[in-house]
Amino acid sequence: MSIINVNLGVKSYQIEIAAGLLDKAGAKIRSVSKAQRAAIISDSNVDALYGEHLQKSLEQKSLEGSGFTVTRIVFPAGEKSKCLTELAKIYDRLAAAGITRSDLVVALGGGVTGDLGGFAAATFLRGVDYVQVPTSLLAQIDSSVGGKVAVDLPAGKNLVGNFYQPKLVLIDTELLRTLPVRFLHDGLAEAIKYGCIRDKSLFEKIAAMRDDKELLANIGGIVERCCAIKAEIVEHDEFDTGERMVLNFGHTIGHAVEKCCGYTDYTHGEGVGIGMALLTRQTEKLGLTAPGTADAICQVLQKYNLPVDAPYAEADLLAGIGMDKKKSGSSITLIILKEIGSSFLQKTDWQALPDYVKRS
Ligand code: GLY
């Protein structure tokens, strides 16, 4: 078991990481909550796999206190559910279950669930405590930590949201064994990103794995390292006004790729991988990044069947970037590598952006 503290004053919390943690979830969650009722929010896929398991654990009495009265709220799996319509249904279910301000929401699932369930918790009754139990690699190493919660609008992803820290993040790495391989690799793209921006040895460790079997055997250490990097960054910049933006390496072009395909052909991690590769090719040419960096990124992405380019014209990618949250006024903040393991923020004029998105 490994514990990482996220030190944010009165909003501090722990990330607990271990294989088999779901069995102990009830007692762990009781230790941070006096709630009488708990609402588990999850999608249809995750609820079928783990909903009952978590419900039983939460209902059980433990040394830490009595069991919770549990309601399970299930929404259809997929990014399309991260919307205001599904959110309204969740509010109705929370109200029908009699959830009060002293009760608890538990978000059990991947990034969509953490964002949607977390945003429901942040806003229902002006804020109810919540716990993240992430089940995908992407959620375990990124979206469950740091309190970013949101829903999408037709105009773009995460356009309605908040910063609302959980009371606890429980990461059971055993749950990754049921994750389809494409989504294991999807999350791995974010782990590669952590290596790129902050930790060359993490990058090299991922690059040196022989196959998915070896990857899964070592996944606990990778999750731990990524969460530790994220916790440190969030502690320095909770509200994403500076240092935290480095976590968006690859995301500016990545979000545009996701938008161009209507959030269907490419997953978030695949988009991020393409974004890291395309941007770094150009920053190398512009003399901002050490030669060979883009090749190193492409090699490790391709090893895990992650794409390094997408069939969208430069103009379409630029249009997709138009609604990027990081764009402010006439400039956009790009996250650029000096080399693997070292990154910096660069405010870039909107007019200069094509230089960073083109392919030649
Ligand atoms: N996923 C990026 C962040 O939490 O800031």
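Read the numbers this way: they start at 1 and go in the same order the structure lists the ligands and their atoms.
- Looking only at atom types and distance, the side chain of Ser44 has no donor-acceptor partner in the side chain of Asp47 under 3.5 Å away.
- Residue pairs satisfying the ring pair (Phe, Tyr, Trp, His ring centres under 6.0 Å) criterion with at least one member in residues 189-227, sequence neighbours excluded, are absent.
- Shown here are the side chain to side chain donor-acceptor pair (under 3.5 Å) partners of Lys56, two or more places apart in sequence or in another chain: Glu52.
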Note every protein N or O atom lying under 3.5 Å from an N or O atom of ligand 1, pairing the names and giving the distance.
from: ligand 1; atom 1: 1 (N); to: Asp142; atom 2: OD1; distance (Å): 3.3
from: ligand 1; atom 1: 1 (N); to: Asp142; atom 2: OD2; distance (Å): 3.1
from: ligand 1; atom 1: 4 (O); to: Lys230; atom 2: NZ; distance (Å): 2.5
from: ligand 1; atom 1: 4 (O); to: Arg244; atom 2: NH2; distance (Å): 2.8
from: ligand 1; atom 1: 5 (O); to: Lys148; atom 2: NZ; distance (Å): 2.9
from: ligand 1; atom 1: 5 (O); to: Arg244; atom 2: NE; distance (Å): 2.7
from: ligand 1; atom 1: 5 (O); to: Arg244; atom 2: NH2; distance (Å): 3.4

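- Not counting sequence neighbours, the partners of Asn7 by the side chain to side chain donor-acceptor pair (under 3.5 Å) test are Glu235.
- Defined by atom type and a distance below 3.5 Å, a donor-acceptor pair is present between the side-chain atoms of Tyr91 and Thr123.
- Using modelled atom types, one finds no donor on one side chain facing an acceptor on the other under 3.5 Å when comparing Asn158 with His255.
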